[in-house]
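Below is one structure, written out as structure tokens; the observations come after it.
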Number of protein chains: 2
Amino acid sequence: MYANAPTPVCNEAPEEYMKIFEDVCRQKKLRITPQRLEIYSELARATDHPTAEMLYQRLSAKMPTLSLDTVYRTLGTLISHDLVHKVESTQNQARFEVQHLHHHHVICRNCNAITDLTWNLVDHTNLQGELHAWGKVERAHMVVYGTCAQCRAQ
Amino acid sequence: MYANAPTPVCNEAPEEYMKIFEDVCRQKKLRITPQRLEIYSELARATDHPTAEMLYQRLSAKMPTLSLDTVYRTLGTLISHDLVHKVESTQNQARFEVQHLHHHHVICRNCNAITDLTWNLVDHTNLQGELHAWGKVERAHMVVYGTCAQCRAQ
DNA sequence: ATAAATGCAAACGGTTTGCGGCAAC
DNA sequence: GTTGCCGCAAACCGTTTGCATTTAT
């Protein structure tokens with residue numbers, strides 16, 4: 001259901017998945033630039049599904065010459081090579097994550113926090129069978145909306 | 001899991017659900033304006049999850065003085081009263097639907113067509129039970145991505 | 001009569017793009 | 001050396017907003 005090429009998985013140690021990332025880039029003829037390495041590394045480390053702006057700000061200290069449009073361009077490139085995902089939502093600002101093991105998302109309507117959710121029951125359904133008339137299914141992603149415990153407590 | 005007030009359902013005849021719509025508006029103290037009636041009616045009739053722009057163009061002939069910002073404002077108002085849904089996606093342009101029976105969506109990556117999908121297995125899972133630690137679950141929506149039959153044929 | 005909704009036009013903000021220079025290969 | 005990537009700045013485009021006017025109640 002996912003990429004065919006070996007894909008970095010963010011459970012592994014940084015040295016591990018950054019090495020794999022470089023291999024995949026070479027394989028796909030993407031140049032290995034300091035910007036790409038930093039952006040991917042930062043996104044892989046993040047667990048909060050940051051926006052392009054958030055990535056930009058987190059990297060600015062370490063890489064002062066980095067520009068926001070490079071972040072956008074890099075994310076776009078990595079998305080088109082299935083190394084990064086844009087997360088489904090109804091918000092205006094896009095949010096991103098590295099493509100690691102398949103999972104779903106829970107979004108707090110109040111603070112917009114995005115949390116990962118695994119749901120095997122859904123992932124193991126033979127959707128393609130149900131939808132063969134529609135076309136070819138590539139990916140099924142669940143978005144759960146609600147109010148997180150912290151926001152409810154307030 | 002959904003609205004508590006009687007909700008128009010687009011399976012019914014237009015006269016039916018427009019009458020219900022007016023009742024709900026009165027109940028929620030929303031003024032019944034020609035613009036709101038036309039916008040809701042057009043959206044209820046549509047099966048393609050139109051953008052604000054699409055609604056605006058479809059109504060322009062019938063209602064030449066209608067403005068695009070009124071479409072946006074009206075959709076916003078109806079969304080905040082749970083009469084309309086913004087559909088989850090990774091696209092930049094928002095897409096809308098009237099809130100009728102709960103269902104999910106299949107999106108063609110190529111032509112961006114959005115098709116409805118019912119998936120009882122998902123709807124009948126006790127998600128709240130799984131996520132009680134996270135907070136209060138309000139809505140679970142599946143987004144399936146793929147390539148539709150027409151686009152594959154090309 | 002009053003408060004809310006509309007239409008206009010201008011602003012806003014996230015994202016994209018053209019271009020010259022620079023860096024990876 | 002060649003090609004692709006980066007940074008700058010400006011454009012783009014979907015969406016939002018302030019304001020005066022109109023309209024629903």
Side-chain angles (χ1 to χ4, degrees), chain A residues 18 21-40 42-43 49-57 59-60 62-81 83-96 112, chain B residues 18 21-43 49-60 62-81 83-96 112:
Chain A
M18 287 314 293
F21 175 70
E22 292 191 28
D23 284 345
V24 176
C25 284
R26 265 185 283 271
Q27 202 176 304
K28 305 204 178 204
K29 307 254 182 285
L30 292 175
R31 288 191 179 170
I32 297 166
T33 67
Q35 290 88 341
R36 280 186 183 160
L37 290 173
E38 288 299 338
I39 291 168
Y40 184 86
E42 186 65 40
L43 187 56
H49 311 76
T51 63
E53 182 78 39
M54 286 159 78
L55 284 173
Y56 172 61
Q57 289 181 1
L59 291 173
S60 284
K62 191 185 295 183
M63 200 173 222
T65 66
L66 179 69
S67 68
L68 179 56
D69 38 298
T70 295
V71 176
Y72 276 111
R73 250 189 285 234
T74 300
L75 290 171
T77 304
L78 298 184
I79 285 171
S80 71
H81 287 86
L83 290 163
V84 164
H85 266 171
K86 210 173 187 174
V87 177
E88 284 85 358
S89 88
T90 59
Q91 296 166 231
N92 36 344
Q93 211 168 169
R95 304 196 41 177
F96 304 88
N112 289 322
Chain B
M18 288 313 294
F21 175 69
E22 291 190 28
D23 285 347
V24 177
C25 284
R26 266 185 284 270
Q27 202 176 304
K28 304 202 176 202
K29 305 252 183 285
L30 292 175
R31 290 194 177 168
I32 298 167
T33 67
Q35 291 87 342
R36 280 184 182 162
L37 291 174
E38 289 298 338
I39 290 168
Y40 184 85
S41 159
E42 186 65 40
L43 186 56
H49 311 76
T51 63
E53 181 78 38
M54 286 158 78
L55 284 172
Y56 171 60
Q57 289 182 1
R58 286 174 198 176
L59 291 172
S60 284
K62 191 185 295 182
M63 201 172 221
T65 66
L66 180 69
S67 67
L68 180 57
D69 38 300
T70 295
V71 176
Y72 275 111
R73 252 188 284 231
T74 300
L75 290 172
T77 305
L78 299 183
I79 286 171
S80 70
H81 287 85
L83 290 163
V84 164
H85 265 172
K86 211 173 189 176
V87 177
E88 283 88 356
S89 86
T90 58
Q91 296 166 232
N92 37 341
Q93 211 167 169
R95 305 198 40 178
F96 304 89
N112 288 323

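Lettering follows sequence order; numbering is per chain, from 1.
Note: CD (A:Gln91) to C1' (C:dG14) measures 13 Å, nearest angstrom. Taking atom NZ of B:Lys28 as the reference point, atom P of C:dA5 lies 14 Å away to the nearest angstrom. The distance from atom CD of B:Glu53 to atom C1' of D:dT16 is 15 Å, rounded to the nearest whole Å. Going from atom CE of B:Met63 over to atom C1' of C:dT6 covers 10 Å, rounded to whole Å. A:Arg95 places its CZ atom 13 Å from the P atom of C:dG14, with the value rounded to the nearest Å. Taking atom CZ on B:Arg36 and atom P on C:dA4, their separation rounds to 11 Å, with Å as the unit. When rounded to the nearest whole Å, the span between CG of B:Leu55 and P of D:dG14 equals 14 Å. Rounded to an integer number of Å, the gap from CE of A:Met54 to P of C:dG14 is 13 Å.
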- Item | CA sep, side-chain torsions, deciding dist, call: B:Leu55, B:Leu75, side-chain contact (heavy atoms from CB on, under 4.5 Å) | CA-CA 10 Å; B:Leu55 284 172; B:Leu75 290 172; 4.1 Å; yes

- Message: With side-chain contact (heavy atoms from CB on, under 4.5 Å) as the criterion, how do A:Met54 and A:Thr51 come out once you've worked through the C-alpha distance, each side chain's angles and the decisive distance to 0.1 Å?
- Response: CA-CA 5 Å; A:Met54 286 159 78; A:Thr51 63; 3.3 Å; yes

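Distance alone, capped at 3.5 Å, places no donor-acceptor pair between the A:Arg95 side chain and the A:Val87 backbone.
Between A:Thr70 and D:dC6 there is no side-chain polar atom (N or O) within less than 4.0 angstrom of OP1 or OP2. Contact annotation: A:Gln35 side-chain N/O to D:dG7 OP1/OP2 distance is under 4.0 Å. In this model, the phosphate group of C:dG7 is approached by a side-chain N or O of B:Thr65 to a distance below 4.0 Å at OP1 or OP2.
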- Message: So if I define the base as every atom that isn't primed, P, OP1 or OP2, how would nucleotides 19-25 of chain C read as a B/S/- string at a heavy-atom cutoff under 4.0 Å?
- Response: ----BBS

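In terms of polar N and O atoms assigned as donor or acceptor, the side chain of A:Asp69 never comes within less than 3.5 Å of the base of D:dC6 in a complementary pairing.
To the nearest 0.5 Å, the span separating CD on B:Gln91 from CD on A:Glu88 amounts to 10.5 Å.
Closest non-hydrogen pair, A:Leu43 versus A:Phe96, comes out as CD1-O, 3.6 Å.
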Donor-acceptor contacts, no H, no angles, side chain residues 31-38 of chain B, under 3.5 Å, sequence neighbours left out:
residue: B:Thr33; atom: OG1; partner: B:Arg36; partner atom: N; Å: 3.2
residue: B:Arg36; atom: NH1; partner: B:Arg31; partner atom: O; Å: 2.9

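Sorted by first and then second residue, the salt bridge (charged side-chain N to carboxylate O under 4.0 Å, His left out) pairs with a member in residues 70-80 of chain A read A:Asp69-A:Arg73; sequence neighbours excluded.
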